[in-house]
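Structure first, then comments.
Letters A, B, ... are given to chains in the order of the sequence lines, protein chains preceding strands, and every chain is numbered from 1. Remember, predicted model here, so these are calculated numbers, not experimental data.
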There are 2 protein chains.
Amino acid sequence: MSQPIALSSEVPATCRACNVRHAGMCAVLTAAELATMARSARRTQHAPGEPLVVEDSKLTSYANVTDGVVKLSRVLRNGRQQVVGLQFAPDLLGRLFGRENLVNVEAASEVDLCRIPKDVLEQLVATNPVLKQRLLDQSLQDLDEARDWMVTLGRKDARQRVASLLLLVARRCGAPGIDDPDRVVFDLPLTRSDMADFLGLTIETVSRQISRLRHEGVVQVANHRHVVIPSLPRLETLAG
Amino acid sequence: MSQPIALSSEVPATCRACNVRHAGMCAVLTAAELATMARSARRTQHAPGEPLVVEDSKLTSYANVTDGVVKLSRVLRNGRQQVVGLQFAPDLLGRLFGRENLVNVEAASEVDLCRIPKDVLEQLVATNPVLKQRLLDQSLQDLDEARDWMVTLGRKDARQRVASLLLLVARRCGAPGIDDPDRVVFDLPLTRSDMADFLGLTIETVSRQISRLRHEGVVQVANHRHVVIPSLPRLETLAG
DNA sequence: CGACTTTTTGAACCGTATCAAATATCGTGG
DNA sequence: CCACGATATTTGATACGGTTCAAAAAGTCG
């Protein structure tokens with residue numbers, strides 16, 4: 001589950017800690033800082049549903065999501081769950097400052113992380129303002145996304161919500177067609193249950209709306225997971 | 001609407017720029033920085049409904065909310081509105097970094113601001129890491145609040161939503177009873193329409209739920225605005 | 001192939017939206 | 001201070017979208 005990282009001589013844009021080309025923290029570190037980071041960073045893999053926060057609800061390490069999708073959620077006393085955020089690669093995961101983590105963090109799909117212990121990162125942040133800026137940017141992006149989703153939850157009907165989610169995933173995970181950039185293909189990293197919990201709907205309603213979009217030719221679905229969007233603009237229109 | 005600020009010799013915890021005791025930016029500034037800030041800060045007052053962002057959707061100044069409530073909202077293409085955030089005194093308003101402002105900002109109630117031009121603030125932030133931290137903290141708080149509200153919008157029914165909003169306002173604006181700290185009194189800084197737009201409901205549903213809570217003795221309401229919560233814990237239970 | 005899980009589909013019910021009208025409140029001027 | 005009109009809020013009747021409960025179909029894994 002966790003392995004030390006060997007320092008390697010990759011091209012600068014590739015994270016030396018996790019050997020993956022990503023737009024996370026590593027891009028803004030000096031060579032010396034990268035070396036420090038590589039010494040303490042750990043690359044971990046996680047299966048769908050696996051909780052990513054150990055030490056009872058206290059995130060002791062910060063992480064780059066290098067592959068897959070991470071699900072942030074809260075549960076109500078009555079047991080109902082609401083997904084409050086999705087982090088796609090190459091998002092940053094965790095929070096250095098402020099109150100403790102109030103959300104459940106778990107892998108939605110197969111997930112690869114490049115973790116760095118909190119204290120090491122705090123050290124780096126203290127001396128590297130650009131890195132701190134990068135963390136601030138991530139929290140601002142998270143805030144924008146949360147507010148976008150408030151609009152979806154508050155003012156869109158079931159059809160628009162499902163379209164909005166497909167659009168979100170298409171933009172983050174989708175591969176545009178070579179000849180037709182409006183055509184996008186991807187595998188859903190979420191179960192119907194996850195989708196419902198993100199959309200504030202039931203799985204039945206999610207399923208019905210996907211069926212409806214399928215009958216209308218807005219999406220094609222194989223094996224419940226493999227999705228083709230023939231026309232992204234059409235989906236955008238439907239998303240409200 | 002805007003007046004220069006005279007430098008005064010207040011106690012340290014009182015903002016020299018706006019002469020108001022608040023937990024905004026001023027608490028973390030040095031004497032020299034406070035002087036700089038006082039030179040360029042402006043205190044402004046605004047009537048309910050007044051837009052607070054000039055220069056077409058570009059917030060050119062950062063501000064402390066020193067009194068009142070500011071409403072952040074987005075509008076859908078179909079004209080429906082969703083309130084995505086409320087800023088109460090002494091919250092900070094605006095964003096220095098990241099993409100441009102994507103939200104409408106307007107006074108919900110009578111609002112007093114202590115504004116500081118963006119470039120002056122950027123100057124201060126560059127030399128004062130504690131101030132930058134304060135800004136980061138605010139955005140993390142905003143993120144937490146947005147995610148709280150996603151749970152409300154996604155998984156609570158109308159009654160719980162209205163109770164949640166009353167609770168939110170009670171906590172930020174309420175005066176607890178001297179002999180009974182569970183008893184809270186406040187004036188609603190929002191119209192029914194604002195409430196509906198924040199809760200993802202219609203004004204009719206909001207009104208009905210408030211009536212219901214009133215009949216049940218959970219709240220007392222006078223003049224549609226003046227609210228008494230006899231038992232905050234009871235309201236907390238109802239909020240889900 | 002067969003057991004299990006996930007997803008889809010169906011029918012009835014319920015909560016909220018919608019449309020409509022009555023009532024309360026506020027601001028303004030007599 | 002009261003009367004008046006404008007606006008905000010409350011209340012009522014009906015319709016619709018999404019939930020709930022139930023069962024069938026599709027997909028997954030041993």
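- At the phosphate of C/dA17, OP1 or OP2 sits under 4.0 Å from a side-chain N or O atom of B/Thr202.
- Sequence neighbours left out, the pairs with a member in residues 190-240 of chain B that pass ring pair (Phe, Tyr, Trp, His ring centres under 6.0 Å) are B/Trp149-B/Phe198.
- Atom OG of B/Ser164 sits about 3.0 Å away from atom NZ of B/Lys156, to the nearest 0.5 Å.
- The OG1 atom of B/Thr202 sits 12.5 Å away from atom CZ of B/Arg192, with the distance rounded to the nearest 0.5 Å.
- Across the protein-nucleic acid pair, A/Leu199 atom CG and D/dG18 atom P stand 12 Å apart, rounded to whole Å.
- A/Lys156 places its NZ atom 18 Å from the P atom of D/dG17, with the value rounded to the nearest Å.
- Over its length, the helix from C/dC1-D/dG30 to C/dG30-D/dC1 turns its helix axis by 50°, as judged from the five terminal pairs at each end, rounded to 10°.
- The separation between A/Glu204 atom CD and D/dA24 atom P is 16 Å, rounded to whole Å.
- Atom pair B/Arg159:CZ and C/dC14:C1' shows a separation of 16 Å (rounding to whole Å applied).
- One can place CZ of A/Arg212 at 19 Å from C1' of C/dT7, the figure rounded to the nearest angstrom.
- Comparing A/Ala158 and B/Ser211 against DNA chain D, the residue whose closest nucleotide sits nearer the 5' end is B/Ser211.
- When distances run from any side-chain atom of B/Asp157 to the nucleotides D/dA22, C/dT16, D/dT10, the shortest one goes to C/dT16.
- Note on B/Ser207: a side-chain N or O is less than 4.0 Å away from OP1 or OP2 of D/dT10.
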For this session: Kindly determine whether A/Asn64 and A/Leu92 satisfy side-chain contact (heavy atoms from CB on, under 4.5 Å), including the steps that lead there.
Result: CA-CA 5 Å; A/Asn64 279 315; A/Leu92 298 177; 2.6 Å; yes
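- Map B/Gln209 and A/Arg214 each onto its nearest nucleotide of DNA chain C; the residue landing nearer the 5' end is A/Arg214.
- Per the geometry, CG belonging to A/Leu188 stands 15 Å off C1' belonging to D/dG27, to the nearest Å.
- Put simply, CZ on B/Arg161 is 8 Å from P on C/dA17, counting in whole angstrom units.
- Following rounding to the nearest Å, A/Asp197 (CG) and C/dT6 (P) show an atom-to-atom distance of 13 Å.
- Positionally, the nearest nucleotide of DNA chain C for A/His224 lies more toward the 5' end than for the other of A/Arg208 and A/His224.
- With B/Glu145 contributing its side chain and B/Gly85 its backbone, the two residues share no donor-acceptor pair below 3.5 Å.
- Across all strands, B/Leu201 comes closer than 4.0 Å only to sugar-phosphate atoms, never to a base (heavy-atom distances).
- Set against C/dA20, C/dT7, C/dT25, the side chain of A/Arg225 has C/dT7 as its closest nucleotide.
- One finds the CZ atom of B/Arg159 at 6.0 Å from the CG atom of B/Leu213 (value rounded to the nearest 0.5 Å).
- Rounding to the nearest 0.5 Å places OG1 of A/Thr237 at 9.0 Å from CZ of A/Arg234.
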